[in-house]
2 protein chains.
Amino acid sequence: MSAGSTAVRNTRQRSAVSALLAEMEGFHSAQDLHAMLRERGERVGLTTVYRTLQGLADAGEIDVMRPPGGEHLYRRCSEGHHHHLVCRACGRTVEVAGPTVESWADRVAAQHGFTDVSHTLEIFGTCPDCRPH
Amino acid sequence: MSAGSTAVRNTRQRSAVSALLAEMEGFHSAQDLHAMLRERGERVGLTTVYRTLQGLADAGEIDVMRPPGGEHLYRRCSEGHHHHLVCRACGRTVEVAGPTVESWADRVAAQHGFTDVSHTLEIFGTCPDCRPH
DNA sequence: GCGTTTTTGACAATCATTGTCGTTGTCGCG
DNA sequence: CGCGACAACGACAATGATTGTCAAAAACGC
């Protein structure tokens with residue numbers, strides 16, 4: 001046994017995933033990102049993509065959304081914490097900020113003695129374009 | 001062809017699932033519920049449990065929660081809409097009401113022209129009992 | 001009661017995600 | 001600078017929840 005230092009190593013693959021996420025705008029599934037990396041000529045295994053994304057998510061560097069569809073979607077974490085308004089039909093996503101919600105969640109959690117609080121909030125609806133008029 | 005009336009039929013299995021949910025308190029997975037039904041002597045197929053739960057969820061009669069674990073959890077829908085504060089360690093769940101959040105979500109969605117709005121909100125944290133003091 | 005239509009349910013299929021484990025690349029230290 | 005330890009990689013198999021399939025059974029209207 002040694003000093004249990006969580007040594008995270010800097011590898012080409014990790015950089016590639018980070019770089020890709022850095023220039024991506026919307027949400028993408030792990031498999032999506034993997035396909036894009038291959039197109040770019042980066043040789044990265046699917047397993048590694050999953051693991052890297054998990055690591056980044058753990059580190060709080062990216063957002064994870066779990067839509068009803070079943071696929072996890074990842075996205076580079078934007079500065080301010082925000083939530084998403086997703087169209088059920090076309091998948092269009094609008095970012096919305098909710099300072100009120102943030103503080104409310106924290107307050108409620110604190111009232112019950114909970115610490116290390118995080119939350120997930122997604123709003124689903126039908127956008128104007130997809131609405132049968 | 002006939003008049004396309006969505007006739008929902010009243011079957012023993014559907015009643016069994018509803019009844020079970022009616023006396024259950026917490027969240028349970030479909031497989032959980034299926035196992036409980038078998039213990040009771042009710043003969044219901046797993047496929048049917050899934051379908052029934054989906055139907056109930058569609059009808060808004062039960063809540064669905066999708067924890068990071070991956071398994072969908074179902075629960076009889078309580079009167080008022082509310083959300084959940086879940087302990088990461090022990091899974092303890094506290095119900096919390098958030099009228100402010102409700103109206104905020106609706107308002108935000110409306111601002112973007114979205115209709116037929118629903119939302120999911122889960123708060124995760126570490127409860128006092130599980131917190132290493 | 002009878003026919004029609006939904007529902008059921010055993011089983012197979014799907015498919016994202018995770019585990020495995022030998023190999024490879026990194027990094028710290030001498 | 002070179003070596004050794006050890007994390008990371010990655011191809012593949014495994015997992016496991018959910019969904020599709022379709023013939024047989026049940027429920028409802030008349």
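Throughout, protein chains are lettered first and strands after them, A, B, ... in sequence-line order, and every chain is numbered starting at 1.
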> In Å and rounded to the nearest 0.5 Å, what is the OG to CD1 distance from B/S18 to B/I62?
8.5 Å

> Compare side-chain N and O positions of B/Q13 against OP1 and OP2 of C/dG9 and report whether any pair is under 4.0 Å apart.
yes

> Nearest-Å distance, CZ (B/R14) to C1' (D/dC28)?
14 Å

> What is the distance, rounded to the nearest whole Å, between atom CZ of A/R43 and atom P of D/dG10?
9 Å

> Where do N or O atoms of nucleotides 20-26 of chain D meet protein N or O atoms at under 3.5 Å, pair by pair?
from, atom 1, to, atom 2, distance (Å)
D/dT21, O4, B/R51, NH2, 3.0

> Distance check needed: C/dT17 C1' versus B/E71 CD, whole Å only.
14 Å

> Measure from CG on B/D58 to P on D/dT19 and round the result to the nearest Å.
11 Å

> Can we say A/E61 and A/R75 salt-bridge, meaning some charged N sits less than 4.0 Å from an Asp/Glu carboxylate O?
no

> Side-chain N or O of A/Q54 less than 4.0 angstrom from OP1 or OP2 on C/dT18?
yes

> Please give, in whole Å, the distance from D/dA8 C1' to A/N10 CG?
12 Å

> Give a yes or no on whether a salt bridge exists between B/E42 and B/R14, defined as a side-chain N under 4.0 angstrom from a carboxylate O.
no

> Can you check the A/R12 CZ to C/dC27 P distance for me, whole Å?
13 Å

> Separation of A/Y50 atom OH from C/dA16 atom P, in whole Å?
6 Å

> Specify the residue among B/A30 and A/T52 whose closest nucleotide of DNA chain D lies further upstream toward the 5′ end.
A/T52

> Work out which heavy atom in B/L73 is nearest to a heavy atom in B/S29; give both atom names and the distance.
CD2-N, 3.6 Å

> Among residues two or more places apart or on two chains, list those pairs meeting salt bridge (charged side-chain N to carboxylate O under 4.0 Å, His left out) that have a residue in residues 105-126 of chain A.
A/D116-B/R88

> For DNA chain C, determine which residues of residues 31-38 of chain A have any heavy atom closer than 4.0 angstrom to one of its atoms, and list them numerically.
A/Q31

> What is the separation between atom CG on A/L46 and atom C1' on D/dC9, rounded to the nearest whole Å?
13 Å

> Would you call the rings of A/Y74 and A/H72 parallel, tilted or perpendicular if under 30° counts as parallel and over 60° as perpendicular?
tilted

> Between B/H34 and B/Y50 (judged by ring centroids, cut-off 6.0 Å), do the two rings come close enough to count as a pair?
no

> Suppose we call two aromatic rings close when their centres sit under 6.0 Å apart. Are B/H83 and B/H119 close by that rule?
yes

> Check whether B/M24 and B/L53 end up in the same hydrophobic cluster, where Ile, Leu, Val, Met, Phe, Trp and Tyr are linked by side-chain heavy atoms less than 4.5 Å apart.
yes

> Is any side-chain N or O of A/H72 closer than 4.0 Å to OP1 or OP2 of C/dT17?
yes

